[in-house]
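Inspection log for the structure reproduced underneath, given as C-alpha cells.
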Amino acid sequence: MRDINLYNIQLMDLELFLNTAKYGSFTKAGEIMFVSQSWVSKRISFMEQELGLQLFIRSNRRLTLTPAGHVLARRLDSITDKILDSIQEAHTVQKGAAGYLKIGFLDWMQNPFLGKLEHYMDCNPQIFIDVFFQQFSELKENLLADRTDLIFTVSYDVEELSEAEYHIVPVERIPLIAYVSRKNPLSQKESIKVKDLRPEQMLMLDPRACKGYSKYINGLFSANEVIPMVHQYAVSGREHIGNILLNRGILLASRNFLGNTYEDSIASLEVEDAPLYLTVSWKKQNPNPVIPVFLKEVAGLRL
C-alpha cells in the first residue's frame, strides 16, 4: 500500500470534493464555494494525485463518482460535519460556558437583576435559562431536590441551610421596611425604630411558610423588648396588602417587596438597625459550569 500524504490537502479541498460529488459539476461546486470552475478542477486533480485515487469519471455532460469516490464521499460527509461542529463548539467555549441554568426567585420580591438577566441571555444564546418565581418553601424545596441551580431570596430565608453543603452569599444590602397605611400617624415619619411598633397591630407571615422570617422578626422585637400584637398571619406578604391599605396592621418586609407600588396609599418606612440582604444560594456540589460565570456577569460576584 502506498504512503498517503495529507499535509498538502486543505479542509476546503474536502468541501470542494463533496460539492462536486453532490452536483456532478466543477462549475456548480465552484459557484457554491465562490471559486472558479478551473480552480475546482485543479484542486480535485491535485487531491487525486496526493491520495493516489481516481475520484471521478469525467465526461462531457456530468462528472460521476468512481466506486472509490463513493466510499470517500460517504465517509468524508460525516467527518466534515464533525469538524465544523467541533470548530463551532470551540467558539462557544471561547465565548463562555455553555449549558442550562435553572434560577428560582422569591415570587413577591421585585428583582433588581431582571434587566441584566435579559441582556445576559441575549448575549449568551449558548446558555438556556429557566426562571421560576416561587414562595419561600418552594424555593428551598426545589434547591434541595436539585430542581433549581440557584435561588435568590432574602437572607433570613436561608439561615437554615447548612454552610457545609451550600454557598450562601449576600449580594447587596436591602433595607427592612415597615409598610404602613397612609392613614396611620406613623406614615409621617421617614424612618422608624422597632420600639415605635410597640402599640401597633402587626401583620406576620405564618411560621410554617417561612421559619426564617419569623425567627428574624421575632428576634428584632425581642432585642428591643417589644412584644408584638399580631393582627393576622398569612403564607405570603401579598395576602396582607389589603389589610395594610385598610390600616389593619403593619407588615415588615424588604424594600424589594413593594418598591414604589401603592405609594399613594402605603408609606414605606425604613426600620433602623435591621440588617437584611438579598442573598444567592446554591449547592457546593453542583458541577454546573455556568453558575460562576452567570454570578460574575449578572450579580457582580467574584467567586
Side-chain angles (χ1 to χ4, degrees), residues 11 15 77-172 174 209-210 212 235-238 254-259 261 277-303:
L11 178 60
E15 293 191 75
D77 193 37
S78 61
I79 292 173
T80 52
D81 283 344
K82 289 180 180 178
I83 292 172
L84 294 173
D85 287 345
S86 298
I87 294 171
Q88 182 60 50
E89 184 177 346
H91 276 285
T92 297
V93 171
Q94 179 174 277
K95 186 174 182 180
Y100 178 40
L101 191 64
K102 297 165 288 182
I103 308 173
F105 291 102
L106 191 57
D107 62 349
W108 52 257
M109 185 175 71
Q110 293 188 351
N111 188 340
F113 298 124
L114 282 183
K116 291 182 178 179
L117 176 60
E118 184 176 3
H119 178 72
Y120 180 79
M121 293 170 68
D122 289 341
C123 295
N124 295 273
Q126 79 279 9
I127 299 175
F128 185 80
I129 298 178
D130 262 339
V131 176
F132 306 90
F133 289 89
Q134 302 162 331
Q135 295 184 6
F136 288 117
S137 58
E138 293 177 299
L139 280 176
K140 286 188 290 188
E141 180 182 335
N142 287 327
L143 182 64
L144 268 62
D146 296 320
R147 288 191 288 268
T148 52
D149 295 298
L150 301 168
I151 62 170
F152 285 85
T153 185
V154 185
S155 51
Y156 54 65
D157 185 40
V158 290
E159 289 184 352
E160 295 178 321
L161 295 180
S162 167
E163 293 186 1
E165 297 180 43
Y166 294 88
H167 293 287
I168 305 170
V169 181
V171 178
E172 63 180 36
I174 50 178
C210 183
V235 297
S236 170
R238 292 200 176 277
S254 76
R255 167 70 72 188
N256 300 83
F257 172 49
L258 287 182
T261 310
Y277 294 89
L278 172 63
T279 305
V280 60
S281 300
W282 69 100
K283 280 188 176 180
K284 290 183 176 181
Q285 297 301 316
N286 190 328
N288 192 331
V290 180
I291 291 175
V293 178
F294 173 84
L295 290 176
K296 178 183 177 181
E297 296 192 25
V298 176
L301 299 179
R302 296 184 179 276
L303 306 174

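For the numbers below, each heavy atom of this structure counts, side chains included, while hydrogens, waters and symmetry mates do not. Values in this document were obtained by computation on a predicted structure and should not be read as measured data.
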In Å, rounded to the nearest 0.5 Å, how long is the span from [atom1] of [X] to [atom2] of [Y]?
| X | Y | atom1 | atom2 | result |
| --- | --- | --- | --- | --- |
| I79 | L11 | CD1 | CG | 11.5 Å |
| D157 | S254 | CG | OG | 11.0 Å |
| I103 | I129 | CD1 | CD1 | 5.0 Å |
| T153 | L139 | OG1 | CG | 5.5 Å |
| T279 | E172 | OG1 | CD | 10.0 Å |
| E160 | K140 | CD | NZ | 4.5 Å |

message: Between L143 and L161, is the side chain to side chain contact (heavy atoms under 4.5 Å, CB included) condition met? List the steps.
response: CA-CA 10 Å; L143 182 64; L161 295 180; 4.2 Å; yes
statement: What one should report as the nearest heavy-atom pair of P289 and V293 is O-CG2, 3.8 Å
message: Can you tell me which residue among Y120, Y100, F128 is in a ring-ring contact (aromatic ring centres under 6.0 Å, His included) with F294?
response: Y120
query: In a check of side-chain contact (heavy atoms from CB on, under 4.5 Å) between V158 and each of V169, I151, V280, which one passes?
result: I151
field: Any donor-acceptor pair under 3.5 Å from K283 side chain to L144 backbone
entry: yes
- prompt: Is any side-chain heavy atom of W282 closer than 4.5 Å to a side-chain heavy atom of I291?
  reply: yes
- request: Step through the shown structure and confirm whether more than 12 heavy atoms of other residues, nucleotides or ligands are within 6.0 Å of CD on E118.
  value: no
- prompt: Taking 4.0 angstrom as the limit, do E297 and K116 come out as a salt bridge?
  reply: no
